[in-house]
Asks: 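Dumping the structure here so I can ask a few things about it.
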Amino acid sequence: MKPRIEIEYCTQCRWLPRACWMAQELLTTFEAELGGVTLVPGSGGTFEVRSENNIIFSRSEKGRFPESKELKQLIRDHIAPGKDLGHSDSGQ
């Protein structure tokens, strides 16, 4: 069974578009490695990315949103360590 990612986002802050965009980026990059991405409505300013109950990125801990490149690298390191991310692995 392939790993699944959850993105919990704050509905009060209207972060659904950001969560959808991140989900699209992950599904495009990891189409063979992921079993899906679930969007989880939350509140209180939450924006958290999890896999198998492990927190991959937390806005409350970092004080910011993840960059797309950064999130792809974090997900890759968690689910597919040997995967080459092309330009997302370089300094470009």
Side-chain angles (χ1 to χ4, degrees):
M1 187 154 177
K2 296 178 182 179
R4 300 182 68 80
I5 301 294
E6 287 185 348
I7 301 175
E8 185 176 356
Y9 63 95
C10 180
T11 58
Q12 298 163 316
C13 301
R14 305 222 181 270
W15 288 339
L16 175 59
R18 183 182 299 264
C20 288
W21 176 70
M22 289 288 184
Q24 177 183 332
E25 288 289 309
L26 295 176
L27 288 168
T28 300
T29 302
F30 299 103
E31 60 187 14
E33 293 84 8
L34 284 177
V37 176
T38 303
L39 300 178
V40 180
S43 61
T46 190
F47 194 91
E48 194 168 271
V49 181
R50 298 182 293 263
S51 176
E52 302 166 352
N53 295 320
N54 295 310
I55 297 172
I56 304 295
F57 190 94
S58 173
R59 182 184 172 277
S60 66
E61 288 178 12
K62 298 284 188 180
R64 61 179 175 79
F65 288 101
E67 296 293 328
S68 174
K69 174 181 173 177
E70 173 187 27
L71 187 58
K72 288 178 186 180
Q73 290 172 341
L74 291 168
I75 297 291
R76 184 268 317 271
D77 293 348
H78 186 74
I79 68 165
K83 183 172 178 69
D84 180 14
L85 295 177
H87 71 277
S88 288
D89 270 336
S90 68
Q92 300 177 24

Asks: Using every non-hydrogen atom in the two residues, find where Leu39 and Cys20 come nearest and quote the distance to one decimal.
Replies: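 Scanning both residues, the minimum pair turns out to be CD1-SG, 3.6 Å.
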Asks: Which atoms form the tightest heavy-atom contact between Ser58 and Glu48, and what is the distance?
Replies: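 Nearest pair, atom of Ser58 first, then Glu48: OG-OE1, 3.6 Å.
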Asks: Going through the distances and angles, do Thr29 and Ile75 end up as a side-chain contact (heavy atoms from CB on, under 4.5 Å)?
Replies: CA-CA 10 Å; Thr29 302; Ile75 297 291; over 6 Å; no
Asks: Can you list the steps and then say if Tyr9 with Met22 is a side-chain contact (heavy atoms from CB on, under 4.5 Å)?
Replies: CA-CA 11 Å; Tyr9 63 95; Met22 289 288 184; over 6 Å; no
Asks: Could you tell me the separation between the CZ atom of Arg18 and the CZ atom of Phe65, rounded to the nearest 0.5 Å?
Replies: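 Interatomic distance, Arg18 CZ to Phe65 CZ, rounded to 0.5 Å: 4.0 Å.
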Asks: Is there side-chain contact between His78 and Glu52, with at least one heavy-atom pair below 4.5 Å?
Replies: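 Sidechains of Glu52 and His78: in contact.
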Asks: Nearest 0.5 Å, what's the CD-CD distance between Glu67 and Gln73?
Replies: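 Taking CD in Glu67 and CD in Gln73, the distance rounds to 11.0 Å.
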Asks: Find the distance between CG (Leu71) and CD1 (Ile5) and round it off to the nearest 0.5 Å.
Replies: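 So the gap between those two atoms works out to 8.0 Å.
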Asks: To check you understand the geometry: which heavy-atom pair defines the closest contact between Trp15 and Gly45, and what is its length?
Replies: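 Scanning both residues, the minimum pair turns out to be CZ3-O, 3.2 Å.
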Asks: If every non-hydrogen atom of Ala80 is compared with every non-hydrogen atom of Glu33, which pair is closest and at what distance?
Replies: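 Shortest heavy-atom separation between Ala80 and Glu33 comes out as CB-CG, 3.9 Å.
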Asks: Could you tell me which non-hydrogen atom of Ser43 sits nearest to which non-hydrogen atom of Gln12, and how far apart they are?
Replies: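 Minimum heavy-atom separation between Ser43 and Gln12: CB-OE1, 3.4 Å.
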Asks: Where is the tightest heavy-atom contact between Ile79 and Ser51, given as atom of each residue plus distance?
Replies: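 Reported closest heavy-atom pair: CG2-OG, 4.2 Å.
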Asks: Can you tell me if Arg50 uses its side chain to pair, donor with acceptor, with the backbone of Glu6 under 3.5 Å?
Replies: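 It does not hold such a pair.
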Asks: Can you tell me if Arg14 has over 12 outside heavy atoms packed within less than 6.0 Å of its CZ?
Replies: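 It does not: Arg14 CZ has 12 such atoms or fewer within range.
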Asks: Between Lys2 (side chain) and Gly36 (backbone), is there a donor-acceptor pair under 3.5 Å?
Replies: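 No; zero donor-acceptor contacts below 3.5 Å.
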Asks: In Å and rounded to the nearest 0.5 Å, what is the CG to CG distance from Leu74 to Leu26?
Replies: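 Interatomic distance, Leu74 CG to Leu26 CG, rounded to 0.5 Å: 10.0 Å.
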Asks: Measuring from atom CH2 of Trp21 to atom CD1 of Ile7, what distance do you get when rounded to the nearest 0.5 angstrom?
Replies: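 That separation rounds to 10.5 Å.
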Asks: Would Lys62 and Glu70 count as a salt bridge (Lys or Arg N to Asp or Glu O under 4.0 Å) here? Give the steps.
Replies: CA-CA 12 Å; Lys62 298 284 188 180; Glu70 173 187 27; 5.2 Å; no
Asks: Is there a path of hydrophobic side-chain contacts, each under 4.5 Å between heavy atoms of I/L/V/M/F/W/Y residues, joining Leu16 to Phe47?
Replies: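 Phe47 and Leu16: one cluster.
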